Amino acid sequence: MEDNSAEEHHYYYPLPVSAPKFDPNLSDADKGGTCAEENNLHNKPSTSQGNSGINKYALGGAILASTNSILLGYDIGVMSGAALFIRQDLKITSVQVEILVGCLNVCSLIGSLASGKTSDWIGRRYTIMIAATTFLIGAILMGLAPSFLFLMAGRIVAGIGVGYSLMISPVYVAELSPALTRGLLTSLPEVFISVGILLGYVSNYAFSSLPNDINWRIMLGVAVFPAFAVALGVLAMPESPRWLVVKGRYEEAKQVLIRTSENKGEAELRLAEIQEAASASIRNKDKGCSSSNSPNNSGTWHGQGVWKELLITPTRPVFRILVAAIGVNFFMQASGNDAVIYYSPEVFKEAGIVNEKQLVGVTIIMGITKTCFVLISAMFMDRFGRRPMLMLGSCGMAMSLFLLGFGCTFLKLYGDTHDGLVIALCVVAVCATVSFFSIGLGPTTWVYSSEIFPLRLRAQGSSLAISVNRVVSGIVSMTFLSVSEAITFGGMFFVLGGVMVCATFFFYYFLPETKGKNLEEIEALFEDQTRLV
């Protein structure tokens, strides 16, 4: 390989306009020549992207799948306000509030771990339906909860649904999307999480004036409606073409690819690449594996052997992929973003805002800011790439968290003055923190961890990475208030800022660029990336 190969890995320019078209009537020799010509073209920079726009069929499927993510976003947003009223109505302590908030994230670990095997068995589409249905049951239990224990049961069930959703939505969208727009479309789950958070804040504001024994039940219960809509929407979604290939259902996969490609020739080429990738993954697998476990053995492979390959006998590229996927998911939640959003009223109280109506109003502003920036990130991710967005976001979060730590520390030391400028600084710093999260870690984590695993490892590899995401989120959410009371909010934000500095170095050294690459080509980046240990 040439010396500059590592640099070229960061940029990839498909040529859909000028690349030779696939002709099914060509001889085998001519086909080989055509593929060779295309491969040569793909290894050279293009003077034009040749992108004619977003495929509407792929966009529709991505939107339907990503709508599932509204459920998690809504819970994050609504609990920030509902927790205030639950504490007053049920007379619970701060520790119980932490358990109530964090248990959903911890219990989502169950769904995350189960979702990989489930989606390999029954398909991506029906796994999305399981996620929505499970959350729907949890929402009903929470809305009708007469006691703290009943409410906890509802959040446990809802958490399992969230775990399923967080893994399957990005994987499904990544497998459905064309390479040129995969970053945008796979960012949609984070966009919908942000929309859900905003809807949760609006729900808090709308129902906060109701009696305390009613308002929080309505806030939590209305999540039934989007969950029901998602469960029905699955019926209109196509199955993942890559899962269909693994199952040997090539004609069905071809029909989906035709609808998500510019033309039939491109669909034929994509199908050939996916089939080759499925075959290559078998060749790279243990040679002693029986043919009945092969993904090419139609309908008989249900994901068996994947955990062993991931955790016990990983190849060097697979190990590097696992480090990258787990690392980006770890730092996503170690940033403390979910905790800041869950406890945003407490954070703003520390910043000097004490009126409950004002607290809820400020969280709406934060939600609007977050949603706007995640949309901007999604629009530009395929242009600038994953690494630049991650490093910009983590650097920005580090600076914002240090600024927030300074502001909270100042107010703690000189709180009697209630300096309006410092209060405004803290509010801006919180909004900046969630905005930089929405630029980098928010959308890019889902995109990156769903696209880097090889085909046969993708579902269960992603589920493992998302499980780490959920564990860290639960730990941070369940300890945020206690640790903040011990070291002050200012000290907590200084710690989180330091975590983001570490994240920036990790992204630089361990994450190669995947922009524009077909899913079948990405594994090679981790074979060649010399920065990885």
Side-chain angles (χ1 to χ4, degrees), residues 51 53-77 115 119 124-125 127-129 131-132 135 162 164-200 226-227 229-230 233-234 236-242 256 259-260 328-329 332 367-368 370-386 389-390 393 434-435 437-452 458 462 466 469 514-515 519:
N51 186 10
I54 300 174
N55 181 280
K56 293 181 180 178
Y57 190 72
L59 177 63
I63 289 175
L64 284 172
S66 302
T67 304
N68 218 16
S69 300
I70 281 183
L71 305 177
L72 172 62
Y74 182 81
D75 181 82
I76 293 173
S115 58
S119 65
R124 315 313 196 209
R125 194 164 68 117
T127 305
I128 293 174
M129 178 177 284
F135 190 92
V162 165
Y164 268 98
S165 174
L166 285 176
M167 191 291 294
I168 194 58
S169 295
V171 167
Y172 173 84
V173 177
E175 293 187 341
L176 186 70
S177 306
L180 280 174
T181 55
R182 190 176 62 247
L184 167 62
L185 297 181
T186 315
S187 298
L188 290 180
E190 179 64 21
V191 172
F192 279 87
I193 287 175
S194 297
V195 171
I197 290 172
L198 180 58
L199 290 176
V230 171
V234 170
M237 292 164 55
E239 184 52 88
S240 160
R242 288 170 170 85
V256 176
R259 300 188 72 175
T260 58
V328 73
N329 276 276
M332 179 188 193
I368 293 172
K370 179 177 173 63
T371 303
C372 290
F373 276 93
V374 76
L375 284 170
I376 293 171
S377 176
M379 295 300 295
F380 287 98
M381 187 173 296
D382 287 309
R383 178 179 299 181
F384 296 122
R386 286 47 160 167
M389 302 301 280
L390 277 171
V434 298
S435 298
F437 178 87
S438 297
I439 289 173
L441 276 164
T444 313
T445 298
W446 309 123
V447 175
Y448 204 84
S449 58
S450 65
E451 68 185 3
I452 60 176
R458 185 168 299 130
S462 295
I466 299 301
N469 181 301
T514 59
K515 179 186 74 172
L519 293 180

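Remember, predicted model here, so these are calculated numbers, not experimental data. Every heavy atom of this structure was used, including side-chain atoms; hydrogens, water molecules and symmetry mates were not.
Heavy-atom minimum distance, M389 versus G385: CG-O, 3.1 Å. Closest non-hydrogen pair, G183 versus D382, comes out as N-OD1, 2.9 Å. Of all heavy-atom pairs between I128 and N68, the closest is O-ND2, 3.6 Å. Residues N55 and T260 approach most closely at ND2-C, 3.3 Å, considering heavy atoms. Closest approach of S449 and T445 over heavy atoms only: OG-O, 2.7 Å. Y172 and G61 get closest at one heavy-atom pair: CE2-O, 3.7 Å.
Side-chain contact between S450 and V173 is absent, with no heavy atoms from C-beta onward closer than 4.5 Å. The shortest distance between side-chain heavy atoms of I193 and I70 does not fall below 4.5 Å. The shortest distance between side-chain heavy atoms of M167 and S119 falls below 4.5 Å. Put simply, the side chain of K370 reaches to within 4.5 Å of the side chain of E190, judged on heavy atoms. Annotation: side chain of I54 is in contact with side chain of L184 (closest heavy-atom distance under 4.5 Å). Annotation: side chain of L198 is in contact with side chain of I368 (closest heavy-atom distance under 4.5 Å). Counting only heavy atoms from C-beta outward, the side chains of R259 and P238 never approach each other to under 4.5 Å. Side-chain contact between V191 and L375 is present, with heavy atoms from C-beta onward closer than 4.5 Å.
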Full working for side-chain contact (heavy atoms from CB on, under 4.5 Å) between L166 and L72:
CA-CA 8 Å; L166 285 176; L72 172 62; 3.3 Å; yes

Evaluation steps, side-chain contact (heavy atoms from CB on, under 4.5 Å), between V256 and L176:
CA-CA 8 Å; V256 176; L176 186 70; 3.8 Å; yes

Is there a side-chain contact (heavy atoms from CB on, under 4.5 Å) between M237 and V234 once you walk through the steps?
CA-CA 5 Å; M237 292 164 55; V234 170; 4.2 Å; yes

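Taking CZ from R124 and CZ from R242, the interatomic distance works out to 10.5 Å, rounded to the nearest 0.5 Å. Interatomic distance, S69 OG to W446 CH2, rounded to the nearest 0.5 Å: 7.5 Å. For the atom pair CD of E175 and OG of S240, the computed distance is 3.5 Å after rounding to the nearest 0.5 Å. With values rounded to the nearest 0.5 angstrom, S169 atom OG is found 9.0 Å from L71 atom CG. In this structure, CE in M332 is found 7.5 Å from CD1 in I466, a value given to the nearest 0.5 Å. Between the OG1 atom in T186 and the CZ atom in R386 there is a gap of 7.0 Å [rounded to 0.5 Å].
Between E451 and K515, no side-chain nitrogen of the basic residue sits less than 4.0 Å from a carboxylate oxygen of the acidic one, so the salt-bridge criterion is not met.
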